[in-house]
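Accompanying notes for the structure given below.
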Amino acid sequence: MTNPLYDQLFGKHAGKTTPFLRLADGSVVTHSAFLQTAARMAHVLTQNGMQPGDRLAAQVEKSPEALALYAACVQAGIVFLPLNTAYTIDELTYFIENSGARMVVCDARSEAELAPVAEKLGAKIQTLNADGSGTLTTQAQSMPSEFAPVPRSEDDLAAFLYTSGTTGRSKGAMLTQGNLLSNAMTLVEEWRFTEDDVLLHALPIFHTHGLFVATNVTLVAGSSMIFLPKFDLDRIIELLPKATVMMGVPTFYTRLLDDDRFTRELTSKMRLFISGSAPLLAETHVQFEQRTGHRILERYGMTETNMNTSNPYDGERRAGTVGFPLPGVELRITDPATGETLPQGQIGQIEVRGANVFKGYWQMPEKTAEELRADGFFITGDLGKIDADGYVHIVGRNKDLIISGGYNIYPKEIELVLDEQPGVLESAVIGVPHADFGETVLGLVVPKKGETPDLDAVMQAVTSSLARFKHPRKLILVDELPRNTMGKVQKNILREQYADVFAAVGN
């Protein structure tokens with residue numbers, strides 16, 4: 001019995017002295033050196049009592065050693081649980097307790113606060129700092145540079161990723177070796193990755209985008225990454241000529257477009273720009289293509305599924321869509337009330353099925369049964385439609401649906417009109433409580449830099465474009481929209497902030 005994920009991501013690169021990680025300081029970590037670090041860490045984990053199937057919770061800064069910890073877990077058959085570096089002690093306590101983690105790896109600065117939590121929950125604690133120092137790497141230095149991979153099957157768990165938990169407690173999505181491997185191998189083919197590619201990597205590695213998409217794809221292809229601790233505009237511009245591919249969130253691309261140094265010449269050696277984790281504005285698509293000659297490839301994925309769809313590498317990359325279902329992924333649009341598949345062009349909930357779809361939520365059988373159908377289709381919670389040409393459109397989250405006076409209102413439809421108006425950079429439409437209608441529509445508008453949109457004119461444009469029941473009762477100018485670490489607008493925060501805006505009866 002083999003270890004499929006280790007074999008395809010790491011094992012085949014053993015002994016290779018070609019670059020894997022190109023670091024910000026100009027140094028290089030070869031595939032071979034990386035795997036030796038991972039092997040030493042795997043020995044530390046097992047000598048500390050970690051067994052195959054145990055969970056390891058890691059809240060550490062992005063570094064080559066942090067990535068090697070992921071490889072060590074795969075090698076030792078340990079379930080890897082990467083945690084957002086912004087989480088508080090209270091949040092971490094929940095994740096450690098809920099997952100039953102046997103080991104916690106954290107920055108030394110957090111050790112004093114986390115040690116009592118780990119001890120209370122029966123977990124050992126190790127430290128790993130941004131510069132690669134810490135008790136984990138100190139112990140690893142004396143360990144052998146080879147480690148025999150623990151036999152695993154594609155059905156065995158490889159990772160937990162906790163959902164953002166905007167409603168209720170976060171859920172631990174159980175991802176198997178097969179989930180991660182099938183998706184990575186598909187994306188290598190669809191996005192034409194080869195060992196000659198150099199990926200500019202400025203994403204966090206506690207999220208599926210930076211870890212299981214960017215990193216796994218690079219490893220399957222045998223290519224290399226320019227591995228930056230975070231998005232730094234100056235460093236990105238400096239290093240773009242040395243890269244062939246970039247994966248980012250929309251914020252990366254809007255910041256680049258705001259800088260005059262970002263030119264067609266600067267991107268002349270780039271092969272592909274990919275965007276995900278949040279919707280990309282149509283205007284950004286247009287500006288990016290005009291500036292660089294490149295058309296951004298937008299795709300759609302989730303914590304529970306990795307990638308589901310992608311705009312084509314060859315063919316039209318259509319703004320406002322997330323392309324077509326990936327090979328091996330089935331996608332259908334269903335009626336949220338009945339579960340029946342809807343005709344093409346109608347809006348409903350998006351469901352997907354394939355080898356990429358997770359195994360379920362950790363210790364939440366009822367929630368798993370609610371969202372993962374008996375036939376294998378996962379109810380994503382996203383609302384969308386499939387157009388006449390087969391492109392998938394995301395129109396919002398099911399929980400963001402506004403029901404006003406009995407009418408279903410999809411915020412995305414209104415946002416598209418608002419975003420087209422002069423002086424408007426972007427918008428967010430939410431439902432807020434209303435005495436007469438249950439809830440009503442509120443539009444929050446972010447102006448373009450140095451401009452002030454005429455809200456009366458904007459409202460007139462909405463009035464002429466959309467049915468009356470979809471009209472915002474009010475438009476409010478705001479400086480910016482709240483976003484999570486991956487750039488998604490946090491509408492739950494907006495709903496809380498503006499919950500009382502129409503508190504008076506009849507407003």
Side-chain angles (χ1 to χ4, degrees), residues 6 10 20-21 23-25 27 29 32-150 158-160 162 204-206 211 215 227 229-230:
Y6 180 81
F10 306 108
F20 171 44
L21 303 177
L23 306 183
D25 63 4
S27 61
V29 179
S32 178
F34 177 80
L35 290 174
Q36 288 177 14
T37 300
R40 292 188 175 102
M41 286 186 176
H43 280 292
V44 173
L45 302 185
T46 56
Q47 289 193 13
N48 275 267
M50 297 289 283
Q51 300 289 325
D54 285 349
R55 275 77 61 201
L56 182 148
Q59 189 195 41
V60 292
E61 297 293 337
K62 183 179 178 182
S63 69
E65 292 78 12
L67 199 59
L69 178 59
Y70 162 52
C73 287
V74 173
Q75 197 167 11
I78 293 164
V79 180
F80 187 58
L81 167 53
L83 294 168
N84 192 321
T85 51
Y87 283 144
T88 65
I89 294 297
D90 285 347
E91 289 170 314
L92 292 173
T93 301
Y94 168 74
F95 296 127
I96 296 166
E97 183 174 19
N98 182 261
S99 67
R102 293 280 308 279
M103 181 178 284
V104 178
V105 182
C106 65
D107 193 287
R109 294 172 300 180
S110 306
E111 185 181 13
E113 283 188 289
L114 268 178
V117 175
E119 184 178 358
K120 179 184 175 185
L121 299 174
K124 293 188 176 181
I125 193 162
Q126 296 278 357
T127 60
L128 178 59
N129 303 315
D131 62 2
S133 64
T135 60
L136 180 62
T137 45
T138 298
Q139 290 180 39
Q141 287 171 5
S142 60
M143 296 293 172
S145 60
E146 293 185 359
F147 182 96
V150 170
F160 280 7
Y162 276 83
I205 56 170
F206 53 71
L211 188 59
T215 302
F227 203 63
K230 61 181 180 180

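Since the model is a prediction, treat every value here as computed from it, not as a measurement.
Of all heavy-atom pairs between Asp25 and Ser27, the closest is OD1-OG, 2.6 Å. The minimum heavy-atom distance between Leu21 and Pro64, with the atom names listed, is CD1-CB, 3.8 Å.
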Could you give the side-chain donor-acceptor pairs of residues 112-127 under 3.5 Å, partners two or more places apart or in another chain?
{"from": "Lys124", "atom 1": "NZ", "to": "Asn48", "atom 2": "O", "distance (Å)": "3.0"}
{"from": "Gln126", "atom 1": "OE1", "to": "Thr135", "atom 2": "OG1", "distance (Å)": "2.7"}
{"from": "Gln126", "atom 1": "OE1", "to": "Gln139", "atom 2": "NE2", "distance (Å)": "3.2"}
{"from": "Thr127", "atom 1": "OG1", "to": "Thr135", "atom 2": "N", "distance (Å)": "2.9"}
{"from": "Thr127", "atom 1": "OG1", "to": "Thr135", "atom 2": "OG1", "distance (Å)": "3.3"}

Check: residues 65-85 side-chain donor-acceptor pairs under 3.5 Å, at least two apart:
{"from": "Tyr70", "atom 1": "OH", "to": "Asn216", "atom 2": "OD1", "distance (Å)": "2.9"}
{"from": "Tyr70", "atom 1": "OH", "to": "Asn216", "atom 2": "ND2", "distance (Å)": "3.4"}
{"from": "Gln75", "atom 1": "NE2", "to": "Tyr6", "atom 2": "OH", "distance (Å)": "3.2"}
{"from": "Gln75", "atom 1": "NE2", "to": "Phe147", "atom 2": "O", "distance (Å)": "2.8"}
{"from": "Asn84", "atom 1": "OD1", "to": "Ala86", "atom 2": "N", "distance (Å)": "2.8"}

In residues 40-47, what donor-acceptor pairs under 3.5 Å come from side-chain atoms, sequence neighbours left out?
{"from": "Arg40", "atom 1": "NE", "to": "Met143", "atom 2": "O", "distance (Å)": "3.3"}
{"from": "His43", "atom 1": "NE2", "to": "Glu146", "atom 2": "O", "distance (Å)": "2.7"}
{"from": "Thr46", "atom 1": "OG1", "to": "Ala42", "atom 2": "O", "distance (Å)": "3.2"}
{"from": "Thr46", "atom 1": "OG1", "to": "His43", "atom 2": "O", "distance (Å)": "3.0"}

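Taken from CG in Asn98 to OG1 in Thr93, the straight-line distance is 12.0 Å, to the nearest 0.5 Å. A distance of 7.5 Å separates CG in Leu92 from OG in Ser110, rounded to the nearest 0.5 Å. Note that the NZ atom of Lys62 and the CG atom of Leu211 stand 10.5 Å from one another [nearest 0.5 Å]. Distance check, rounded to the nearest 0.5 Å: CD of Gln141 to OG1 of Thr37 gives 10.0 Å.
Remark: side-chain polar atoms of Ser63 are not paired, donor with acceptor, to backbone N or O of Gly132 under 3.5 angstrom. The main-chain N or O of Ser133 is found under 3.5 Å from a side-chain atom of Asp131 such that the two form a donor-acceptor pair. Although no hydrogens or angles enter the test, the distance criterion places a donor-acceptor pair under 3.5 Å between the side chain of Arg55 and the main chain of Gly53. Proximity of a side-chain donor or acceptor of Asn129 to a complementary backbone N or O of Ala108 within less than 3.5 Å is detected.
Phe227 has its side chain within reach of Ile205: a pair of non-hydrogen atoms, C-beta onward, lies under 4.5 Å apart.
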Mind running side-chain contact (heavy atoms from CB on, under 4.5 Å) on Phe10 and Phe34 for me, showing each step along the way?
CA-CA 9 Å; Phe10 306 108; Phe34 177 80; 3.9 Å; yes

Take Glu61 and Asp107 through the side-chain contact (heavy atoms from CB on, under 4.5 Å) test and state the conclusion after the steps.
CA-CA 7 Å; Glu61 297 293 337; Asp107 193 287; 4.3 Å; yes

